[in-house]
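One structure is given below, encoded as structure tokens.
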Amino acid sequence: MVNIIQPSIFFQGVSLKGQNIIEKSTKIGDYTSYYLDSNAALAQKNELAYSVQCYFPVEAGQDGGLFWGITNISSGLVGNEFIFTKGHFHAKKQCAEYYWGLEGEGLLILMKEDRSFSVEKVIPNSLHYIRGDQAHRLVNTGSSVLRVGACWGSDAGYDYESIQKEGFSCRVFQYDGNISIEKV
Ligand code: PAN
Ligand code: ZN
């Protein structure tokens with residue numbers, strides 16, 4: 001008799017449910033200094049900025065494994081700046097990642113170490129290949145939650161430090177109802 005293993009992880013709409021799904025929430029107050037208007041960020045410190053549901057089937061750092069996640073970014077502004085993820089480089093610069101749009105609308109900022117950047121529109125069913133040498137940040141420019149799927153190597157690791165210190169060379173604002181993408 002072959003024992004058929006029943007699936008233990010399911011999509012519920014655009015959410016991931018099941019065994020071993022880890023959820024992590026980040027409030028605006030967890031990264032106030034990342035926003036241009038850090039005082040506005042402080043005033044909104046208790047607001048949820050984004051949550052991530054992750055599936056880590058192997059240990060972090062293990063060569064050749066894959067991690068999977070869904071990021072849910074709140075809609076809204078901090079001052080005039082749209083809410084975004086912290087963003088990071090991968091510790092291993094050869095490790096790429098896929099993002100894809102599930103719900104809502106936003107922008108993916110991709111920045112190389114020389115601070116040159118490109119901006120991709122994220123919409124439902126859009127697929128985004130992030131090269132290993134590109135820092136990546138999602139910005140919710142829409143009026144509802146932006147949900148984005150991700151798949152990356154378990155050995156990729158994270159380098160948040162350079163973004164924390166230097167920031168991204170591109171910021172996205174709203175002025176008079178218009179989206180303004182600015183080089184900084
Ligand atoms: C994603 C990100 C997720 C949250 O799973 O970790 O969107 O963004 P920050 O990690 O920048 O806070 C990913 O890119 N993993 O590699
Ligand atoms: Zn990543």
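In each ligand, atom 1 is the first atom listed, and ligand 1 is the first ligand listed.
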Could you identify the single nearest non-hydrogen protein atom to [atom] and state the distance to 0.1 Å?
atom: atom 6 (O) of ligand 1; value: H88 CE1, 3.5 Å
atom: atom 10 (O) of ligand 1; value: Y160 OH, 2.5 Å
atom: atom 8 (O) of ligand 1; value: T85 CB, 3.6 Å
atom: atom 4 (C) of ligand 1; value: Y50 CE1, 3.7 Å

Quick one: which ligand 1 atoms are inside 4.0 Å of a heavy atom on [X]?
X: T71; result: 3 (C), 7 (O)
X: H136; result: 14 (O)
X: E97; result: 1 (C), 13 (C), 14 (O), 15 (N), 16 (O)
X: Y158; result: 15 (N), 16 (O)
X: H90; result: 16 (O)
X: Y99; result: 1 (C), 2 (C), 7 (O), 13 (C), 14 (O)

I'd like the atom name of the N/O/S atom in H90 lying closest to the Zn ion (ligand 2).
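It is NE2 of H90.
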Just give me the atom name: the N, O or S atom of E97 closest to the Zn ion (ligand 2).
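The E97 atom nearest to the Zn ion (ligand 2), restricting to N, O or S, is OE1.
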Ring centres under 6.0 angstrom apart (Y98, Y129):
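Here the rings of Y129 and Y98 have centres that are less than 6.0 Å from each other.
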Verify the ring-centre separation between H136 and H90: is it less than 6.0 angstrom?
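When the ring centroids of H90 and H136 are compared, they turn out to be within the sub-6.0 Å range.
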Reference residue W68; test ring-ring contact (aromatic ring centres under 6.0 Å, His included); the match among F11, Y99, W152
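Result for ring-ring contact (aromatic ring centres under 6.0 Å, His included) with W68: F11.
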Taking the basic N atoms (NZ, or NE/NH1/NH2) and the acidic carboxylate oxygens, is any pair closer than 4.0 Å for [X] and [Y]?
X: R171; Y: E81; result: yes
X: K92; Y: D63; result: yes
X: E105; Y: K121; result: yes

Please check if the number of heavy atoms outside E161 that lie under 6.0 Å from its CD is greater than 12.
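Incorrect, the count does not exceed 12.
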If you measure every N or O of G87 against every N or O of ligand 1, does any of those distances drop under 3.5 Å?
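For ligand 1, there is an N or O atom that lies under 3.5 Å from one belonging to G87.
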Counting only heavy atoms, which portion of F67 has something under 4.0 Å from ligand 1: side chain, backbone, both, or neither?
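Under 4.0 Å from ligand 1, F67 contributes no heavy atoms.
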Heavy-atom gap R137 to ligand 1 smaller than 4.0 Å
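False for this residue.
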Do T26 and K24 make a side-chain contact, defined as non-hydrogen atoms from C-beta onward lying under 4.5 Å apart?
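Yes, close enough: below the 4.5 Å cut-off.
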